[in-house]
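Numbers restart at 1 for each chain; the letters A, B, ... are given by sequence-line order, proteins then strands.
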2 protein chains.
Amino acid sequence: MEFRRLKYFLAVADELHFGRAATRLDMAQPPLSRQIAALEADLGVQLFDRSRSQIRLTQAGLVLQDHARQLLDRLDVAYRETKLVGSGGAGRLRIAFVGSASHGLLPTLIKSYRSFYPEVELALSSMNNAELQRALVSREIDIAVARPELRDEEFRREPLCRERLILALPDNSRFAAQDQVRLADLGDQTFVLYPRRPRPSYADVVLGICEREGFKPAALELTQDFQSAISLVSVGVGLSVVPESVARTQRPGVIYRPYIGHNPGTALTVHARLDNRAPQVMNFLEITRKFARKGQADGRASS
Amino acid sequence: MEFRRLKYFLAVADELHFGRAATRLDMAQPPLSRQIAALEADLGVQLFDRSRSQIRLTQAGLVLQDHARQLLDRLDVAYRETKLVGSGGAGRLRIAFVGSASHGLLPTLIKSYRSFYPEVELALSSMNNAELQRALVSREIDIAVARPELRDEEFRREPLCRERLILALPDNSRFAAQDQVRLADLGDQTFVLYPRRPRPSYADVVLGICEREGFKPAALELTQDFQSAISLVSVGVGLSVVPESVARTQRPGVIYRPYIGHNPGTALTVHARLDNRAPQVMNFLEITRKFARKGQADGRASS
DNA sequence: TGGCCTGATACCTGAAAGGTATCGCCATTT
DNA sequence: AAATGGCGATACCTTTCAGGTATCAGGCCA
């Protein structure tokens, strides 16, 4: 049984006339008659009552007509849904990102993607860089937004934004009164850094900056992620060095200050597996590229 | 899109291996690969992720897999239901019969048909011969059980049973005490006969018998059908001449007596349109034939 | 009875599906 | 790093089957 036959059958059942049905199907009458005969032979069932000049559907024909209509409708639905998902207009996209990305451009990027593809279900989660890498490799996620970028030959990378580093201080810090703080003056402070594992990590980037400024922090507190680090800062455990965008979201007990000293900045990068050509992923990367260009332009304009 | 492709697709989706899927489908691998490729081209959608040695379904593939399974299942249902109805195992059969048939062999015949074909919905109705003829011609019914048989070249006929005529008397009749009644003695009685229209009808058959016995009923009461006639007998309006089988069902106010005199008997005949080859009809006629043979044999045995 | 309408049949052509052989890529092995 | 094996894709041929044209056959009407 093939869909074509069902279509032919429905045409004849509608017209109750082989000639007209053939015209409607844009074909000649003989092959249509043959297809219907084949369908009847296939089922071993009389579908049309040809005893008089006017053709009529038999009971079996009426039953098949019902089913055929439904089948063709459902085929159409299957077609359209598959195409929609296959073109990225629907489906699912699993995005994970570092905690420090939840304040800057990323939320806007995600909102933009959602406005373009509202039917795509987003599964968002937050991880540190090491977890991002593992999850992307094992295909638990489709997109990893990492800081700094993940070193893996299997990944496709799209830079999202680059930003300067600033200090996050407890509001009772003795540096809170200064508009700018010299990094070199912070040798006696406790630095709250992250992630603890695996090393080397972003923590080591900050320690490298300190070293370049000629000191080594008096004390170190290592947390697993950015969120915990800021929490510790807010309760006065120590200070931290964080991406500038974090300052956009104020938090009780924490104040942000630019610093004087080496500032290599930090970049947020969007990753996907090279072999993941899913349209949802490609579309997300496409929008990421647009955002990166726009962000860069904005950055230039404001600098 | 054709069902074959969906079947192929499901095999590959199940096996996630073209070679094994081809084996399962009892075909070579290259044409299978080509069919899947054609399906993907047709949809304009990637269904399998072939980037690694292990094949995987894409999101679109998963969506199509769901739909394809349902479509094939529903096709199977459509197939089976159509075949069932087409073979007479289900569907609908519209039977109409003369009122006087509701007491004899017909109910048993119908019960027997129902036991063989319990899924066939029966639409039963009662009509007089003239209505039966009209309804059968206009295809409002499939089967007409008439008495006597309908004269129409377009009908197929199966004799169901032949029976003697007996008298139906009010229980207060002066003939009620007799075991047998001479028909010729009934000249002064009111005869309740049916149907009133169209004439000549069964009423005229009875009048013919009277004439042959040398009398003409003193009074005549014509009703439209057998049921009304018996009702009039039960309230003492007059007597009637009815098929023997009617006596099997007793009714208050009515007693039945064989009569002495000309008794041409009466036959119940099952009719269907010659051009109605519906399996439900053919099966009913088949069972009717069996019943007629059996009824005839029974009749011989008991005579 | 002849003409017409309509579906069925005969026969041919072309498109498409299936088969065999083989290629090319990747992954594993030594 | 080259060899090997597994697997899907491609090339090319064969076969099958759907579609087209011409024509037949039966029912209906004049």
Start with the C-alpha gap between Asp142(A) and Arg92(A), add the side-chain angles, then the distance that decides, and say whether salt bridge (charged side-chain N to carboxylate O under 4.0 Å, His left out) holds.
CA-CA 9 Å; Asp142(A) 302 302; Arg92(A) 188 154 186 263; over 6 Å; no

If I take atom [atom1] in residue [X] and atom [atom2] in nucleotide [N], what distance separates them, rounded to the nearest angstrom?
{"X": "Phe3(B)", "N": "dC17(D)", "atom1": "CZ", "atom2": "C1'", "result": "19 Å"}
{"X": "Asp275(A)", "N": "dC26(C)", "atom1": "CG", "atom2": "P", "result": "12 Å"}
{"X": "Asp26(A)", "N": "dG20(D)", "atom1": "CG", "atom2": "P", "result": "8 Å"}
{"X": "Gln29(B)", "N": "dA21(C)", "atom1": "CD", "atom2": "C1'", "result": "12 Å"}
{"X": "Leu16(A)", "N": "dC5(C)", "atom1": "CG", "atom2": "C1'", "result": "16 Å"}
{"X": "Leu25(B)", "N": "dG18(C)", "atom1": "CG", "atom2": "C1'", "result": "13 Å"}
{"X": "Met1(B)", "N": "dA16(C)", "atom1": "CE", "atom2": "C1'", "result": "17 Å"}
{"X": "Leu47(A)", "N": "dG7(C)", "atom1": "CG", "atom2": "C1'", "result": "16 Å"}

Less than 4.0 angstrom between a side-chain N/O of [X] and OP1 or OP2 of [N], yes or no?
{"X": "Arg50(A)", "N": "dG26(D)", "value": "no"}
{"X": "Ser33(B)", "N": "dA9(D)", "value": "yes"}
{"X": "His17(A)", "N": "dG7(C)", "value": "yes"}

Could you go step by step and tell me if Arg50(A) and Arg56(A) meet the side chain to side chain contact (heavy atoms under 4.5 Å, CB included) rule?
CA-CA 7 Å; Arg50(A) 304 163 168 82; Arg56(A) 270 186 311 277; over 6 Å; no

Name the nucleic acid region contacted by [X], choosing base, sugar-phosphate or nothing; use a 4.0 angstrom heavy-atom cut-off, strictly under.
{"X": "Arg5(B)", "answer": "sugar-phosphate"}
{"X": "Tyr8(B)", "answer": "sugar-phosphate"}
{"X": "Ile55(B)", "answer": "sugar-phosphate"}

Do the rings of Tyr194(A) and Phe226(A) sit parallel, tilted or perpendicular, given the 30° and 60° boundaries?
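Perpendicular.
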
Check: Gln35(A) side chain, dA18(D) base, donor-acceptor under 3.5 Å
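Result: no qualifying N/O pair found.
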
Base of dG20(D) paired with side chain of Arg34(A) (donor-acceptor, under 3.5 Å)
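Indeed there is one.
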
Taking the ring of Phe116(A) and the ring of Phe284(A), is the distance between their centroids below 6.0 Å?
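No.
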
Under a 4.0 Å threshold between the charged nitrogen and the carboxylate oxygen, would Asp275(A) count as salt-bridged to Arg139(A)?
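Asp275(A) and Arg139(A): salt-bridged.
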
Assuming nearest nucleotide by heavy-atom distance, tell me which of Pro30(A) and Arg20(B) is located more 5' along DNA chain D.
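Between the two, 5'-proximity favours Arg20(B).
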
